[in-house]
Peer 1: 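To start, I am sharing the structure in question, which I have written as structure tokens.
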There are 2 protein chains.
Amino acid sequence: MVKIKDIAERCGLSIASVSKALHGESDLNPETAKRIREIAAEMGYIPNASARLLKTKRSYNIGVLFVDETSSGLEHEYFSAILNSIKDEAEKHGYDITFISHHFGHDHLSFYEHAKYRNMDGVIIASVDFRDPEVVQLVDSEIPTVTIDYEFNDVASVVSDNVQGVKDIVNYLAEMGHKRIAFITGDDTSVTQKRVASFYKTCAENAIEVNDEYVKKGRYHIPKISGEATRELLSLKERPTVIMYPDDYSLLGGITEIEKHGLRIPEDISIVGYDGIKLSRLLRPIITTYVQNSTEKGITATKKLISLIENPKITLADRTLVSGRLQQGETVRSLK
Amino acid sequence: MVKIKDIAERCGLSIASVSKALHGESDLNPETAKRIREIAAEMGYIPNASARLLKTKRSYNIGVLFVDETSSGLEHEYFSAILNSIKDEAEKHGYDITFISHHFGHDHLSFYEHAKYRNMDGVIIASVDFRDPEVVQLVDSEIPTVTIDYEFNDVASVVSDNVQGVKDIVNYLAEMGHKRIAFITGDDTSVTQKRVASFYKTCAENAIEVNDEYVKKGRYHIPKISGEATRELLSLKERPTVIMYPDDYSLLGGITEIEKHGLRIPEDISIVGYDGIKLSRLLRPIITTYVQNSTEKGITATKKLISLIENPKITLADRTLVSGRLQQGETVRSLK
DNA sequence: CTGAAAGCGCTAACAT
DNA sequence: ATGTTAGCGCTTTCAG
């Protein structure tokens with residue numbers, strides 16, 4: 001392995017000069033610097049990140065916390081899209097990304113300890129149980145942090161405009177003449193709370209009375225749960241005319257259940273998803289859903305984090321709202 | 001930040017003793033060692049991976065190369081499942097995973113240089129253009145490497161048993177009475193070549209004559225391409241009775257096209273996918289497909305790599321075949 | 001059983 | 001314009 005010292009010897013110069021030349025800076029003779037760089041390239045020099053880090057305290061490594069209860073977070077397109085955009089954006093800025101986990105090396109490390117252990121410059125947290133004490137420890141630490149789809153006090157976050165999303169959906173449904181609107185919610189998080197609040201508010205604005213039986217607790221990304229909730233809704237004496245699902249993926253469980261009952265979509269019952277995964281456009285009928293701009297969320301979170309790392313003084317740990325748009329598919333029937 | 005030196009001072013011992021105690025080894029007085037460990041814990045000591053690495057040359061970090069031409073590799077469930085299982089398995093063994101990329105820090109680094117720069121102990125390569133010179137440079141290097149779904153000479157690999165997969169499918173189709181079998185292939189890779197060879201071979205074994213017009217070049221994971229190939233197949237004077245797709249995801253493009261023609265599945269035409277993504281079980285009709293055990297592939301590749309890293313002498317850089325199973329869905333009609 | 005000391009590869013004052 | 005030097009935090013011989 002070629003190191004700075006080798007280059008220095010080969011050039012007949014000091015290691016300091018080589019280091020300077022390699023950074024293209026300082027008061028080195030441009031000629032000398034050029035020569036050094038050429039020789040370094042010729043010798044196949046590759047810098048050693050650890051040695052550099054040990055001195056500079058900057059790893060150019062971003063940690064990503066991406067665990068979920070079902071331990072299948074990565075398998076959902078929505079999170080994959082975010083991860084992919086984080087990766088791309090980080091690379092553009094010269095950062096690598098490493099997953100944070102409970103490290104099982106010698107001792108068990110907490111998320112925070114793991115991040116410190118690897119000297120991560122910052123951390124992006126998504127798709128995780130945000131009430132986990134370890135997560136709280138991490139966001140409360142001195143490590144720059146950005147959360148996605150969850151807000152902590154004084155922690156930078158990038159969240160979907162859930163209020164707007166549900167508002168757009170309900171307004172659209174009202175416009176289409178729906179009065180009996182059911183809503184299967186997701187896990188009890190602040191995201192869900194915002195959506196539910198927006199649901200009630202927008203219904204009220206449209207003079208739609210909400211039947212409490214129509215609001216069912218569900219889970220995100222679990223088709224089976226949505227299927228069960230759908231069954232209950234279909235068995236009500238007065239059926240809803242439309243069902244809103246927590247997300248497109250779990251909506252698939254609803255479709256299965258609806259078809260089991262011999263009902264057609266949207267002729268017999270309308271459905272609406274959330275997220276706008278690719279699949280929602282590939283299926284027939286095309287799903288009516290609120291398209292989340294997950295790529296933009298990943299990019300925004302990454303930019304924010306890097307700014308927090310590189311310009312801590314002038315970067316606010318605030319919240320960034322990312323809005324989506326209603327995809328008018330073919331799963332909502334007009335009742336007018 | 002607490003370091004070994006701090007602990008040593010607090011204990012009134014040397015840093016050497018502390019280091020030894022922290023590793024639970026060597027000839028240290030058990031009492032002393034215990035006391036040191038307690039104090040270290042109390043002081044909130046977290047080891048520094050870089051400093052350790054600088055000395056030991058072991059990073060406990062595995063690089064994952066996961067780029068594809070469409071730069072959306074992570075968005076496909078199949079690859080996500082592999083990534084997830086790699087991550088889980090690596091964590092179990094105390095390794096972290098970091099994505100390898102073209103690093104855009106100061107200079108542009110090749111994949112190999114990037115891996116060296118970060119001192120990665122080993123690398124898993126998947127979902128990438130394996131003919132890329134940079135990939136070749138990486139597998140040819142001294143860094144332990146495992147490839148997934150591709151084989152290089154003398155490089156450990158974990159690949160699906162593609163021959164068996166296509167064989168199982170064709171045998172099943174023959175059993176169901178199909179004679180006019182179309183096959184939309186994927187990109188021209190060794191995987192595809194194996195599948196195609198197996199296709200011809202198994203057809204021959206079943207005394208099925210292959211109409212060359214029935215074999216169409218397609219692409220993996222691109223619904224649009226499969227849709228176009230489907231259109232061509234449907235316009236033949238003698239239509240196939242069944243179409244085999246490169247993968248489940250791109251099969252969706254075929255479904256769309258078939259429905260556009262007003263044909264029903266499987267009454268008018270049968271279809272078969274490949275991969276067995278979750279979706280294949282959620283859609284109705286349930287898709288007949290060959291389920292790849294992607295989780296097992298990720299786990300196997302990771303175990304192999306760690307073995308290669310930790311026991312280079314006794315680990316063979318061989319090929320591991322991972323087989324799947326036929327999922328008899330509802331998209332193949334019996335013609336008997 | 002414990003400690004001293006060298007050094008991993010690099011950066012960044014501070015000299016010259 | 002170039003060189004000297006002192007570490008960064010840790011491991012690991014080799015002494016004591």
Side-chain angles (χ1 to χ4, degrees), chain A residues 1-37 39-40 43-61 105-107 109 113 115-121, chain B residues 1-37 39-40 43-61 105-107 109 113 115-121:
Chain A
M1 145 150 281
V2 183
K3 52 192 171 188
I4 281 196
K5 198 174 163 216
D6 301 328
I7 304 174
E9 283 169 6
R10 171 83 175 280
C11 297
L13 290 165
S14 73
I15 58 170
S17 298
V18 176
S19 177
K20 282 170 192 161
L22 259 23
H23 288 279
E25 35 167 317
S26 81
D27 39 20
L28 208 60
N29 183 322
E31 288 294 304
T32 318
K34 184 154 168 283
R35 195 175 120 247
I36 294 176
R37 264 182 254 116
I39 293 189
M43 295 176 75
Y45 172 73
I46 301 169
N48 183 327
S50 308
R52 179 177 290 171
L53 156 57
L54 201 53
K55 189 77 196 176
T56 63
K57 308 292 181 200
R58 290 276 277 109
S59 64
Y60 285 92
N61 195 197
H106 295 109
D107 303 293
L109 298 180
E113 290 168 336
K116 289 298 277 184
Y117 173 69
R118 290 281 180 199
N119 301 282
M120 294 170 179
D121 289 336
Chain B
M1 143 151 281
V2 183
K3 50 192 172 189
I4 281 195
K5 197 175 163 215
D6 301 327
I7 304 174
E9 282 170 6
R10 171 84 174 281
C11 297
L13 290 165
S14 74
I15 60 171
S17 298
V18 175
S19 177
K20 282 169 191 162
L22 260 23
H23 289 279
E25 35 169 315
S26 81
D27 39 20
L28 209 60
N29 183 322
E31 289 293 304
T32 319
K34 183 154 169 284
R35 195 176 120 246
I36 293 176
R37 264 182 253 115
I39 294 189
M43 294 176 75
Y45 171 72
I46 301 169
N48 183 328
S50 308
R52 179 177 290 171
L53 156 58
L54 200 53
K55 191 77 199 177
T56 63
K57 307 291 181 204
R58 291 275 277 108
S59 64
Y60 286 91
N61 194 198
H106 296 109
D107 302 293
L109 297 180
E113 290 167 335
K116 289 299 277 183
Y117 173 69
R118 289 282 180 199
N119 301 284
M120 294 170 179
D121 289 337

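Naming convention: chains lettered A, B, ... in sequence-line order (proteins, then strands); numbering from 1 in each chain. Fair warning: this is a prediction, and the values are worked out from it, not measured in the lab.
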Peer 1: Atom CD of B/Glu31 to atom C1' of C/dT2: distance rounded to whole Å?
Peer 2: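 Taking atom C1' of C/dT2 as the reference, CD of B/Glu31 is at 16 Å.
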Peer 1: Going by the rule side chain to side chain donor-acceptor pair (under 3.5 Å), which residues pair with B/Asn61 if we only count those two or more places apart in sequence or in a different chain?
Peer 2: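 B/Asn61 satisfies side chain to side chain donor-acceptor pair (under 3.5 Å) with B/Thr98 once adjacent residues are dropped.
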Peer 1: When the distance from CD1 of A/Ile36 to P of D/dT2 is rounded to whole Å, what number comes out?
Peer 2: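 Those two atoms, CD1 and P, are 8 Å apart.
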Peer 1: Residues two or more places apart in sequence or in another chain: which of them pass salt bridge (Lys or Arg N to Asp or Glu O under 4.0 Å) with B/Arg58?
Peer 2: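 Salt bridge (Lys or Arg N to Asp or Glu O under 4.0 Å) list for B/Arg58, sorted by chain: B/Asp121, B/Glu310.
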Peer 1: Expressed as a whole number of angstroms, how long is the span from A/Tyr60:OH to C/dC10:C1'?
Peer 2: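 Those two atoms, OH and C1', are 15 Å apart.
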Peer 1: Who are the salt bridge (Lys or Arg N to Asp or Glu O under 4.0 Å) partners of B/Lys3, not counting sequence neighbours?
Peer 2: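 With sequence neighbours excluded, B/Lys3 shows a salt bridge (Lys or Arg N to Asp or Glu O under 4.0 Å) to no residue whatsoever.
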Peer 1: Across nucleotides 4-11 of chain D, 5' to 3', mark each nucleotide with B, S or - according to how protein heavy atoms within less than 4.0 Å reach it.
Peer 2: B-BBBBSB
Peer 1: Take the C1' atoms of the five end pairs on each side of the helix from C/dC1-D/dG16 to C/dT16-D/dA1, derive the two axes, and give their angle rounded to 10 degrees.
Peer 2: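 Taking five pairs per end, the axes differ by 40°.
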Peer 1: Please list, chain by chain and in numerical order, all residues satisfying salt bridge (Lys or Arg N to Asp or Glu O under 4.0 Å) with B/Lys57, sequence neighbours excluded.
Peer 2: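 Partners of B/Lys57 by the salt bridge (Lys or Arg N to Asp or Glu O under 4.0 Å) criterion come out as none, since no residue qualifies.
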Peer 1: Atom CG in B/Asn48, atom CD1 in B/Ile4: separation rounded to 0.5 Å?
Peer 2: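 That separation rounds to 10.0 Å.
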Peer 1: What is the separation between atom CG on B/Leu28 and atom P on C/dT2, rounded to the nearest whole Å?
Peer 2: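 These atoms are roughly 5 Å apart.
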Peer 1: Please enumerate all residues that pass side chain to side chain donor-acceptor pair (under 3.5 Å) together with A/Ser14, with sequence neighbours excluded.
Peer 2: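 Partners of A/Ser14 by the side chain to side chain donor-acceptor pair (under 3.5 Å) criterion, ordered by chain and then number, come out as A/Ser17.
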Peer 1: Tell me, please, which residues at least two apart from A/Thr32 pass side chain to side chain donor-acceptor pair (under 3.5 Å).
Peer 2: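 Side chain to side chain donor-acceptor pair (under 3.5 Å) list for A/Thr32, sorted by chain: empty.
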Peer 1: Using the test side chain to side chain donor-acceptor pair (under 3.5 Å), find all partners of B/Lys5 that sit at least two apart in sequence or belong to another chain.
Peer 2: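 Result, side chain to side chain donor-acceptor pair (under 3.5 Å) vs B/Lys5: none returned.
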